[in-house]
Novice: 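Quick one: the structure is below, questions incoming.
Values below: every heavy atom of this structure, side chains too, minus hydrogens, waters and symmetry copies.
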There are 2 protein chains.
Amino acid sequence: MLRLSKMTDYAVAVLAHLARGPAVQTAPGIALATLMPEPTVAKVLKTLAASGLVTSLRGARGGYRLSRPLADIPVAEVITAIDGPIALTACVEGSPTVCEQQGSCPMSGRWLRVNDAIREALSAITLADMLESTPPPAIAAPPMMAIEGVL
Amino acid sequence: MLRLSKMTDYAVAVLAHLARGPAVQTAPGIALATLMPEPTVAKVLKTLAASGLVTSLRGARGGYRLSRPLADIPVAEVITAIDGPIALTACVEGSPTVCEQQGSCPMSGRWLRVNDAIREALSAITLADMLESTPPPAIAAPPMMAIEGVL
DNA sequence: CTCTATCAGGACTAGCTTAGTCCTCTTACT
DNA sequence: AGTAAGAGGACTAAGCTAGTCCTGATAGAG
(Lines give C-alpha, C1' and ligand atoms only; values in the text may rest on other atoms or scores of the structure.)
Protein backbone atom coordinates (compact mmCIF):
# COMPACT_ATOMS: atom_id res chain seq x y z
CA MET A 1 0.00 0.00 0.00
CA LEU A 2 3.07 2.17 0.18
CA ARG A 3 1.50 3.80 3.11
CA LEU A 4 2.56 6.83 5.01
CA SER A 5 2.08 6.83 8.75
CA LYS A 6 -0.99 8.58 10.04
CA MET A 7 1.31 10.71 12.14
CA THR A 8 2.71 12.33 9.04
CA ASP A 9 -0.77 13.15 7.94
CA TYR A 10 -1.39 14.77 11.30
CA ALA A 11 1.86 16.65 11.04
CA VAL A 12 0.89 18.24 7.76
CA ALA A 13 -2.48 19.22 9.14
CA VAL A 14 -0.88 20.72 12.21
CA LEU A 15 1.62 22.69 10.16
CA ALA A 16 -1.14 23.94 7.94
CA HIS A 17 -3.06 25.05 10.97
CA LEU A 18 -0.04 26.83 12.38
CA ALA A 19 0.29 28.75 9.16
CA ARG A 20 -3.14 30.23 9.64
CA GLY A 21 -4.30 31.91 12.83
CA PRO A 22 -1.96 33.39 15.43
CA ALA A 23 1.76 32.91 15.02
CA VAL A 24 2.16 31.14 18.35
CA GLN A 25 -0.28 28.40 19.26
CA THR A 26 -0.41 25.79 21.99
CA ALA A 27 -0.76 22.07 21.51
CA PRO A 28 -4.13 21.87 23.27
CA GLY A 29 -5.37 24.78 21.24
CA ILE A 30 -4.46 23.17 17.95
CA ALA A 31 -5.96 19.89 19.07
CA LEU A 32 -9.19 21.63 19.88
CA ALA A 33 -9.31 23.45 16.60
CA THR A 34 -8.48 20.46 14.45
CA LEU A 35 -10.46 17.88 16.42
CA MET A 36 -7.42 15.67 16.69
CA PRO A 37 -6.66 13.93 19.98
CA GLU A 38 -4.66 16.24 22.16
CA PRO A 39 -1.85 13.92 23.28
CA THR A 40 -1.27 12.94 19.70
CA VAL A 41 -1.03 16.53 18.55
CA ALA A 42 1.40 17.22 21.37
CA LYS A 43 3.51 14.28 20.33
CA VAL A 44 3.59 15.37 16.72
CA LEU A 45 4.55 18.90 17.68
CA LYS A 46 7.37 17.67 19.86
CA THR A 47 8.72 15.63 16.99
CA LEU A 48 8.41 18.55 14.60
CA ALA A 49 10.19 20.77 17.09
CA ALA A 50 12.99 18.24 17.42
CA SER A 51 13.62 18.41 13.70
CA GLY A 52 13.38 22.15 13.60
CA LEU A 53 10.25 22.53 11.51
CA VAL A 54 8.55 24.35 14.34
CA THR A 55 10.05 26.36 17.16
CA SER A 56 8.86 25.81 20.69
CA LEU A 57 8.41 28.50 23.31
CA ARG A 58 8.28 27.19 26.83
CA GLY A 59 6.63 28.55 29.88
CA ALA A 60 3.37 30.37 30.33
CA ARG A 61 2.19 32.02 27.12
CA GLY A 62 4.43 29.60 25.29
CA GLY A 63 3.51 27.38 22.39
CA TYR A 64 4.77 26.55 18.94
CA ARG A 65 5.31 28.59 15.85
CA LEU A 66 6.46 27.75 12.34
CA SER A 67 10.19 28.08 11.83
CA ARG A 68 9.74 28.68 8.12
CA PRO A 69 6.90 29.55 5.77
CA LEU A 70 5.08 26.59 4.26
CA ALA A 71 6.50 27.37 0.86
CA ASP A 72 9.93 26.48 2.19
CA ILE A 73 8.93 23.11 3.58
CA PRO A 74 9.00 20.22 1.11
CA VAL A 75 6.67 17.35 1.88
CA ALA A 76 9.70 15.13 1.97
CA GLU A 77 11.02 16.98 4.97
CA VAL A 78 7.88 16.43 6.98
CA ILE A 79 7.89 12.76 6.16
CA THR A 80 11.50 12.46 7.15
CA ALA A 81 10.90 14.34 10.36
CA ILE A 82 8.09 12.05 11.45
CA ASP A 83 8.77 8.71 9.83
CA GLY A 84 12.51 8.85 9.45
CA PRO A 85 14.46 8.65 6.22
CA ILE A 86 12.57 7.48 3.18
CA ALA A 87 13.66 3.94 2.56
CA LEU A 88 11.36 1.71 0.63
CA THR A 89 12.58 -1.77 1.25
CA ALA A 90 13.64 -3.80 4.22
CA CYS A 91 17.10 -4.02 2.72
CA VAL A 92 17.26 -0.30 2.85
CA GLU A 93 15.65 0.52 6.10
CA GLY A 94 18.89 0.73 7.93
CA SER A 95 17.50 -1.87 10.25
CA PRO A 96 19.99 -4.14 11.96
CA THR A 97 18.17 -7.00 10.31
CA VAL A 98 20.42 -7.56 7.39
CA CYS A 99 18.66 -9.20 4.48
CA GLU A 100 19.98 -12.75 4.49
CA GLN A 101 19.38 -13.14 0.78
CA GLN A 102 22.02 -10.53 0.15
CA GLY A 103 24.32 -12.87 -1.62
CA SER A 104 21.81 -14.54 -3.88
CA CYS A 105 19.24 -11.80 -4.13
CA PRO A 106 19.72 -9.89 -7.36
CA MET A 107 18.11 -6.87 -5.82
CA SER A 108 20.88 -5.58 -3.64
CA GLY A 109 20.99 -1.87 -4.06
CA ARG A 110 18.61 -1.95 -6.96
CA TRP A 111 15.94 -0.06 -5.14
CA LEU A 112 18.19 2.95 -4.90
CA ARG A 113 16.98 4.39 -8.16
CA VAL A 114 13.36 3.95 -7.22
CA ASN A 115 13.99 5.45 -3.84
CA ASP A 116 15.67 8.42 -5.41
CA ALA A 117 12.82 9.00 -7.78
CA ILE A 118 10.40 9.15 -4.91
CA ARG A 119 12.63 11.36 -2.84
CA GLU A 120 12.86 13.80 -5.70
CA ALA A 121 9.15 13.80 -6.29
CA LEU A 122 8.53 14.53 -2.65
CA SER A 123 11.18 17.17 -2.44
CA ALA A 124 9.68 19.08 -5.32
CA ILE A 125 6.35 19.57 -3.58
CA THR A 126 6.09 22.03 -0.71
CA LEU A 127 3.36 22.26 1.86
CA ALA A 128 2.29 25.49 0.24
CA ASP A 129 1.83 23.58 -3.01
CA MET A 130 -0.30 21.00 -1.27
CA LEU A 131 -2.59 23.58 0.23
CA GLU A 132 -2.82 26.28 -2.37
CA SER A 133 -4.52 24.87 -5.40
CA THR A 134 -6.57 21.69 -5.76
CA PRO A 135 -10.27 21.69 -5.04
CA PRO A 136 -11.44 23.14 -1.72
CA PRO A 137 -11.62 20.63 1.12
CA ALA A 138 -15.32 20.37 1.26
CA ILE A 139 -17.22 18.42 -1.31
CA ALA A 140 -18.98 17.21 1.78
CA ALA A 141 -19.71 13.56 1.36
CA PRO A 142 -16.86 11.16 0.50
CA PRO A 143 -14.13 13.40 -0.84
CA MET A 144 -11.24 11.20 0.06
CA MET A 145 -12.49 8.09 -1.56
CA ALA A 146 -12.26 9.66 -4.96
CA ILE A 147 -8.56 9.10 -4.87
CA GLU A 148 -8.84 5.40 -4.48
CA GLY A 149 -7.39 3.26 -7.14
CA VAL A 150 -5.29 6.02 -8.51
CA LEU A 151 -2.70 3.63 -9.66
CA MET B 1 9.44 5.38 6.75
CA LEU B 2 7.31 5.24 3.67
CA ARG B 3 7.91 1.59 3.63
CA LEU B 4 7.11 -0.92 0.99
CA SER B 5 6.01 -4.35 2.09
CA LYS B 6 8.64 -7.03 2.11
CA MET B 7 6.40 -9.04 -0.18
CA THR B 8 6.88 -6.51 -2.93
CA ASP B 9 10.59 -6.84 -2.53
CA TYR B 10 10.23 -10.59 -2.86
CA ALA B 11 8.06 -10.14 -5.91
CA VAL B 12 10.67 -8.11 -7.72
CA ALA B 13 13.33 -10.64 -6.87
CA VAL B 14 11.13 -13.46 -8.11
CA LEU B 15 10.34 -11.68 -11.34
CA ALA B 16 14.00 -10.97 -11.89
CA HIS B 17 14.77 -14.61 -11.35
CA LEU B 18 12.08 -15.67 -13.80
CA ALA B 19 13.63 -13.45 -16.42
CA ARG B 20 16.84 -15.40 -16.22
CA GLY B 21 17.03 -19.17 -16.47
CA PRO B 22 14.39 -21.36 -18.10
CA ALA B 23 11.17 -19.74 -19.27
CA VAL B 24 8.98 -21.91 -17.08
CA GLN B 25 9.97 -22.38 -13.44
CA THR B 26 8.23 -23.86 -10.43
CA ALA B 27 7.67 -22.12 -7.11
CA PRO B 28 9.82 -24.59 -5.16
CA GLY B 29 12.55 -24.24 -7.76
CA ILE B 30 12.63 -20.47 -7.47
CA ALA B 31 12.55 -20.68 -3.69
CA LEU B 32 15.52 -22.97 -3.76
CA ALA B 33 17.47 -20.77 -6.11
CA THR B 34 16.76 -17.52 -4.31
CA LEU B 35 16.95 -18.87 -0.75
CA MET B 36 13.57 -17.43 0.06
CA PRO B 37 11.10 -19.48 2.07
CA GLU B 38 9.12 -21.67 -0.28
CA PRO B 39 5.56 -21.00 0.93
CA THR B 40 6.24 -17.31 0.69
CA VAL B 41 7.51 -17.55 -2.84
CA ALA B 42 4.46 -19.60 -3.74
CA LYS B 43 2.19 -16.97 -2.24
CA VAL B 44 3.90 -14.17 -4.12
CA LEU B 45 3.68 -16.07 -7.37
CA LYS B 46 0.00 -16.72 -6.90
CA THR B 47 -0.60 -13.05 -6.34
CA LEU B 48 1.46 -12.11 -9.36
CA ALA B 49 -0.44 -14.64 -11.44
CA ALA B 50 -3.73 -13.18 -10.25
CA SER B 51 -2.76 -9.77 -11.57
CA GLY B 52 -1.41 -11.14 -14.79
CA LEU B 53 2.26 -10.33 -14.37
CA VAL B 54 3.13 -13.99 -14.60
CA THR B 55 1.25 -16.81 -16.30
CA SER B 56 0.70 -20.05 -14.46
CA LEU B 57 0.79 -23.48 -16.03
CA ARG B 58 -0.90 -26.13 -13.94
CA GLY B 59 -0.34 -29.80 -13.79
CA ALA B 60 2.81 -31.83 -13.95
CA ARG B 61 5.61 -29.96 -15.70
CA GLY B 62 3.74 -26.77 -14.90
CA GLY B 63 5.10 -23.66 -13.28
CA TYR B 64 5.18 -19.96 -13.91
CA ARG B 65 6.53 -17.82 -16.69
CA LEU B 66 6.71 -14.08 -17.26
CA SER B 67 3.77 -12.70 -19.18
CA ARG B 68 5.83 -9.78 -20.42
CA PRO B 69 9.49 -8.87 -20.61
CA LEU B 70 10.84 -6.95 -17.63
CA ALA B 71 11.20 -3.84 -19.74
CA ASP B 72 7.41 -3.70 -19.99
CA ILE B 73 6.77 -3.94 -16.27
CA PRO B 74 6.86 -0.67 -14.36
CA VAL B 75 7.76 -0.95 -10.71
CA ALA B 76 4.45 0.68 -9.93
CA GLU B 77 2.63 -2.29 -11.37
CA VAL B 78 4.39 -4.75 -9.13
CA ILE B 79 3.66 -2.66 -6.09
CA THR B 80 0.04 -2.38 -7.02
CA ALA B 81 -0.21 -6.09 -7.67
CA ILE B 82 1.16 -7.01 -4.26
CA ASP B 83 0.25 -4.15 -1.99
CA GLY B 84 -2.79 -2.75 -3.68
CA PRO B 85 -3.25 0.72 -5.07
CA ILE B 86 -0.71 3.30 -4.04
CA ALA B 87 -2.43 5.49 -1.51
CA LEU B 88 -0.24 7.37 0.89
CA THR B 89 -2.54 8.48 3.63
CA ALA B 90 -5.24 6.91 5.72
CA CYS B 91 -7.71 9.29 4.17
CA VAL B 92 -6.85 7.82 0.87
CA GLU B 93 -6.47 4.20 1.61
CA GLY B 94 -9.98 3.40 0.55
CA SER B 95 -10.43 1.98 3.98
CA PRO B 96 -13.94 2.04 5.39
CA THR B 97 -12.52 4.09 8.23
CA VAL B 98 -13.52 7.52 7.12
CA CYS B 99 -11.28 10.21 8.53
CA GLU B 100 -13.43 11.90 11.15
CA GLN B 101 -11.52 15.15 10.78
CA GLN B 102 -12.85 15.45 7.29
CA GLY B 103 -14.81 18.57 7.96
CA SER B 104 -12.19 20.49 9.86
CA CYS B 105 -9.07 18.94 8.45
CA PRO B 106 -7.65 21.17 5.76
CA MET B 107 -5.99 18.22 4.16
CA SER B 108 -8.90 16.57 2.44
CA GLY B 109 -7.80 15.59 -0.99
CA ARG B 110 -4.56 17.49 -0.67
CA TRP B 111 -2.44 14.43 -0.80
CA LEU B 112 -3.63 13.72 -4.29
CA ARG B 113 -0.86 15.71 -5.90
CA VAL B 114 1.78 14.01 -3.81
CA ASN B 115 0.30 10.65 -4.53
CA ASP B 116 0.29 11.38 -8.24
CA ALA B 117 3.91 12.45 -8.18
CA ILE B 118 4.91 9.18 -6.63
CA ARG B 119 2.78 7.16 -8.95
CA GLU B 120 4.40 8.83 -11.92
CA ALA B 121 7.86 8.30 -10.58
CA LEU B 122 7.17 4.65 -10.05
CA SER B 123 5.53 4.22 -13.42
CA ALA B 124 8.52 5.61 -15.21
CA ILE B 125 10.88 2.95 -13.88
CA THR B 126 10.66 -0.58 -15.22
CA LEU B 127 12.05 -3.70 -13.70
CA ALA B 128 14.55 -3.79 -16.51
CA ASP B 129 15.73 -0.34 -15.44
CA MET B 130 16.13 -1.52 -11.89
CA LEU B 131 18.26 -4.46 -12.89
CA GLU B 132 20.27 -3.25 -15.82
CA SER B 133 22.60 -0.53 -14.65
CA THR B 134 23.67 0.35 -11.12
CA PRO B 135 26.56 -1.44 -9.47
CA PRO B 136 26.59 -5.23 -9.48
CA PRO B 137 24.87 -6.87 -6.50
CA ALA B 138 28.00 -7.99 -4.78
CA ILE B 139 30.16 -5.51 -2.98
CA ALA B 140 30.10 -8.21 -0.39
CA ALA B 141 29.93 -6.51 2.97
CA PRO B 142 27.15 -4.00 3.68
CA PRO B 143 25.86 -2.95 0.30
CA MET B 144 22.38 -2.06 1.37
CA MET B 145 23.29 0.20 4.22
CA ALA B 146 24.84 2.66 1.86
CA ILE B 147 21.41 3.83 0.90
CA GLU B 148 20.47 4.80 4.40
CA GLY B 149 19.67 8.36 5.08
CA VAL B 150 19.13 9.15 1.45
CA LEU B 151 16.66 11.78 2.31
C1' DC C 1 9.48 34.89 44.80
C1' DT C 2 5.95 31.78 43.90
C1' DC C 3 2.53 29.90 41.01
C1' DT C 4 1.11 27.90 36.97
C1' DA C 5 0.86 27.24 31.96
C1' DT C 6 3.39 25.16 28.87
C1' DC C 7 6.84 22.14 26.53
C1' DA C 8 10.33 17.83 26.93
C1' DG C 9 11.02 13.27 27.04
C1' DG C 10 10.19 8.88 27.74
C1' DA C 11 7.51 4.54 29.27
C1' DC C 12 3.70 1.94 28.42
C1' DT C 13 -0.47 -0.46 26.17
C1' DA C 14 -3.60 -2.15 22.76
C1' DG C 15 -4.84 -3.05 18.26
C1' DC C 16 -3.80 -3.83 13.63
C1' DT C 17 -1.06 -5.34 9.81
C1' DT C 18 2.25 -8.22 7.73
C1' DA C 19 4.78 -12.18 7.21
C1' DG C 20 4.79 -16.61 7.08
C1' DT C 21 2.71 -21.45 7.35
C1' DC C 22 -0.38 -25.05 6.21
C1' DC C 23 -4.21 -27.62 4.34
C1' DT C 24 -7.34 -29.05 0.84
C1' DC C 25 -8.92 -28.88 -3.88
C1' DT C 26 -8.22 -28.60 -8.83
C1' DT C 27 -5.71 -29.24 -13.03
C1' DA C 28 -3.30 -31.63 -16.51
C1' DC C 29 0.84 -34.08 -17.99
C1' DT C 30 2.90 -38.86 -18.19
C1' DA D 1 -4.57 -43.82 -13.03
C1' DG D 2 -1.08 -41.57 -10.70
C1' DT D 3 1.36 -37.59 -9.67
C1' DA D 4 3.42 -33.00 -10.09
C1' DA D 5 2.16 -28.87 -9.99
C1' DG D 6 -0.85 -24.43 -8.98
C1' DA D 7 -5.38 -22.21 -6.60
C1' DG D 8 -7.35 -20.52 -2.82
C1' DG D 9 -8.15 -19.71 1.58
C1' DA D 10 -7.68 -20.19 6.85
C1' DC D 11 -4.74 -19.55 10.45
C1' DT D 12 -0.87 -17.89 13.69
C1' DA D 13 2.66 -15.03 15.48
C1' DA D 14 5.36 -11.13 15.71
C1' DG D 15 6.26 -6.41 14.92
C1' DC D 16 4.86 -1.83 14.42
C1' DT D 17 1.81 2.25 15.05
C1' DA D 18 -1.20 4.92 17.32
C1' DG D 19 -2.43 6.62 21.22
C1' DT D 20 -2.10 7.55 26.34
C1' DC D 21 0.04 9.00 30.48
C1' DC D 22 3.43 10.50 33.80
C1' DT D 23 7.19 13.09 35.54
C1' DG D 24 10.38 16.80 35.02
C1' DA D 25 12.05 21.34 33.18
C1' DT D 26 11.19 26.09 31.78
C1' DA D 27 9.70 30.64 31.98
C1' DG D 28 6.14 34.16 32.05
C1' DA D 29 2.56 36.34 35.32
C1' DG D 30 1.19 38.10 39.49
Novice: Could you state the atom-to-atom distance from CG of A:Leu2 to P of C:dT17 in whole Å?
Specialist: 16 Å
Novice: Here's a test of your reading of the structure: between B:Glu38 and A:Ala27, which maps to the more 5' nucleotide of DNA chain C?
Specialist: A:Ala27
Novice: Counting C-beta onward and ignoring hydrogens, is there a side-chain heavy-atom pair between B:Ile73 and B:Thr126 closer than 4.5 Å?
Specialist: no
Novice: Could you please name the option among C:dA8, C:dT30, D:dT20 that lies closest to any side-chain atom of A:Pro39?
Specialist: D:dT20
Novice: Whole angstrom is fine here: how far is it from CG in B:Leu48 over to P in D:dA7?
Specialist: 11 Å
Novice: For the side chain of B:Thr26, counting heavy atoms from C-beta on, which of D:dA5, D:dA18, C:dA8 is nearest?
Specialist: D:dA5
Novice: What does A:Leu57 touch in the nucleic acid at a heavy-atom separation under 4.0 angstrom: a base, only the sugar-phosphate, or nothing?
Specialist: sugar-phosphate
Novice: Using a distance-only criterion (donor-acceptor N/O pair, under 3.5 Å, no hydrogens), is the base of D:dG8 paired with the side chain of B:Lys46?
Specialist: yes
Novice: Less than 4.5 Å apart, any side-chain heavy atom of B:Leu48 and any of B:Tyr64?
Specialist: no
Novice: By nearest atom, which of the nucleotides D:dG6, C:dA8, D:dA4 is closest to the A:Ala49 side chain?
Specialist: C:dA8
Novice: Take atom OH of B:Tyr64 and atom P of D:dA4, then tell me their distance rounded to the nearest Å.
Specialist: 17 Å
Novice: Are A:Ser5 and D:dC16 close enough that a side-chain N or O sits under 4.0 Å from OP1 or OP2?
Specialist: no
Novice: Counting side-chain heavy atoms from CB outward, which of D:dC16, C:dC29, C:dT21 is closest to B:Arg3?
Specialist: D:dC16
Novice: Between C:dG20, C:dT21, D:dG6, spot the one nearest the side chain of B:Lys6, thanks.
Specialist: C:dG20
Novice: Calculate the interatomic distance between A:Leu45 atom CG and D:dG19 atom C1'; express it in whole Å.
Specialist: 15 Å
Novice: On DNA chain D, does the nearest nucleotide to A:Lys43 precede the nearest nucleotide to A:Arg58 from the 5' side, or the other way round? Give the residue.
Specialist: A:Lys43
Novice: Any non-hydrogen side-chain atom of B:Tyr10 less than 4.5 Å from a side-chain atom of B:Ile82?
Specialist: no
Novice: Does OP1 or OP2 of D:dG19 have a side-chain N or O of A:Tyr10 closer than 4.0 Å?
Specialist: yes
Novice: Nearest-Å distance, CZ (A:Arg61) to C1' (C:dC3)?
Specialist: 16 Å
Novice: Atom CG of B:Leu4 to atom C1' of C:dT17: distance rounded to whole Å?
Specialist: 15 Å
Novice: Is the CZ atom of A:Arg61 crowded by more than 12 outside heavy atoms at less than 6.0 Å?
Specialist: no
Novice: Please answer whether the main-chain N or O of A:Ala49 pairs with a side-chain N or O of A:Ser56 as donor and acceptor at a distance below 3.5 Å.
Specialist: no
Novice: Should B:Thr40 be listed as having a side-chain N or O under 4.0 Å from OP1 or OP2 of C:dT21?
Specialist: yes
